[in-house]
Amino acid sequence: DSGVTQTPKHLITATGQRVTLRCSPRSGDLSVYWYQQSLDQGLQFLIQYYNGEERAKGNILERFSAQQFPDLHSELNLSSLELGDSALYFCASSKRPANTEAFFGQGTRLTVV
Amino acid sequence: AQKITQTQPGMFVQEKEAVTLDCTYDTSDPSYGLFWYKQPSSGEMIFLIYQGSYDQQNATEGRYSLNFQKARKSANLVISASQLGDSAMYFCAMREIREGAQKLVFGQGTRLTINP
């Protein structure tokens, strides 16, 4: 158990809908990262937050947004969902923005039908 | 931009044999870090081992060791005495740091199958 908690584990929704994925980092970790794993794109970095502030942005679509709350949990919001958004979404956390360790949660498997 | 290449899409190994998973990287940054992760069929990403570019010794964690050859830009993962439970996807990743923020750039992965 990495200590990073993601909910839900599985999510099935229809095209055009909006969903929210939740991540609780390991105790003491201030930095949260979101990654998307799809069959065609592999593992791709989406966005990073540190202590509530956005620190880095990757290949995140405009339909996607994220935030980190004062209690350090983070949410990834995906809207106007398309079939191609079906993927495994991972959250990872580390103590500092640039760290030698990054522990991943179990992921949320999103299926858009 | 940083790039990670894993040239072995799949590997088949007999139980108890040692296995080497290849990883080469490309970066112009003098300071970088290399990670290996294991992803079993259940989907979670399990952190295995880390090597910093300035580390003098190759990293080891139990049965895992990293064969770091800086001049060749390679960071191969060695698993000694393989077990059936080692069957999984393995990803090599490089840490990219820009303005104090970190992201991991992943390779395409190698699917390792351990045969009894």
Side-chain angles (χ1 to χ4, degrees), chain A residues 1-6 8-11 23 26 29-51 53-60 66 68 87-111, chain B residues 1-7 9 23 25 27 29-55 57 59-61 64 66 68 75 88-111:
Chain A
D1 184 1
S2 67
V4 180
T5 304
Q6 287 187 250
K9 285 189 178 178
H10 301 276
L11 199 50
C23 169
R26 290 190 317 158
D29 286 359
L30 300 179
S31 200
V32 169
Y33 315 76
W34 286 98
Y35 288 83
Q36 179 195 57
Q37 184 179 28
S38 61
L39 283 174
D40 53 346
Q41 299 284 339
L43 268 155
Q44 292 215 319
F45 169 75
L46 295 177
I47 198 163
Q48 179 197 8
Y49 280 83
Y50 175 69
N51 208 17
E53 292 189 3
E54 182 183 305
R55 290 299 293 262
K57 228 171 184 178
N59 300 322
I60 187 166
Q68 187 179 27
L88 193 50
Y89 291 85
F90 285 106
C91 169
S93 74
S94 65
K95 284 190 167 35
R96 295 178 295 278
N99 206 17
T100 59
E101 292 177 325
F103 291 92
F104 281 71
Q106 295 211 331
T108 293
R109 187 170 295 280
L110 173 67
T111 303
Chain B
Q2 298 186 331
K3 188 177 178 182
I4 292 284
T5 303
Q6 295 180 253
T7 57
C23 172
Y25 59 90
T27 181
D29 293 340
S31 175
Y32 52 88
L34 296 152
F35 298 75
W36 276 93
Y37 287 88
K38 172 184 178 181
Q39 186 177 39
S41 57
S42 50
E44 72 265 35
M45 292 288 285
I46 302 168
F47 168 73
L48 295 178
I49 199 166
Y50 170 82
Q51 179 84 43
S53 58
Y54 292 121
D55 292 344
Q57 307 263 358
T60 60
E61 289 286 347
Y64 304 108
L66 203 150
F68 183 47
M89 280 291 287
Y90 288 80
F91 291 95
C92 179
M94 170 178 280
R95 181 183 65 194
E96 180 179 288
I97 298 177
R98 291 286 182 269
E99 298 175 355
Q102 165 181 275
K103 71 173 187 180
L104 293 178
V105 177
F106 285 86
Q108 289 301 307
T110 295
R111 182 170 298 280

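Source: prediction; values computed, not measured. Computed over heavy atoms, backbone and side chain alike; hydrogens, waters and symmetry mates excluded. Letters A, B, ... mirror the listed sequences (proteins, then strands); counts begin at 1.
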Could you tell me which of B:Q51, B:M45, B:Q39, B:Q108 has the largest number of non-hydrogen atom pairs under 4.5 Å with chain A? B:M45
For A:L88, is it the side chain, the backbone, both, or neither that has a heavy atom closer than 4.5 Å to a heavy atom of chain B? side chain
Which region of A:Q37, side chain (C-beta onward) or backbone (N, CA, C, O), has a non-hydrogen atom less than 4.5 Å from a non-hydrogen atom of chain B, or is it both or neither? side chain
Interatomic spacing from NZ in B:K103 to CZ in A:R55 - rounded to 0.5 Å: 15.0 Å
Sequence neighbours excluded, the answer for side-chain hydrogen bond (donor to acceptor under 3.5 Å, both in side chains) partners of B:E44 is B:S42
Looking only at heavy atoms, which two atoms of A:Y35 and B:L104 are closest? And how far apart? OH-N, 2.8 Å
Sorted by chain and number, sequence neighbours left out, ring pair (Phe, Tyr, Trp, His ring centres under 6.0 Å) with A:F103 holds for B:F47
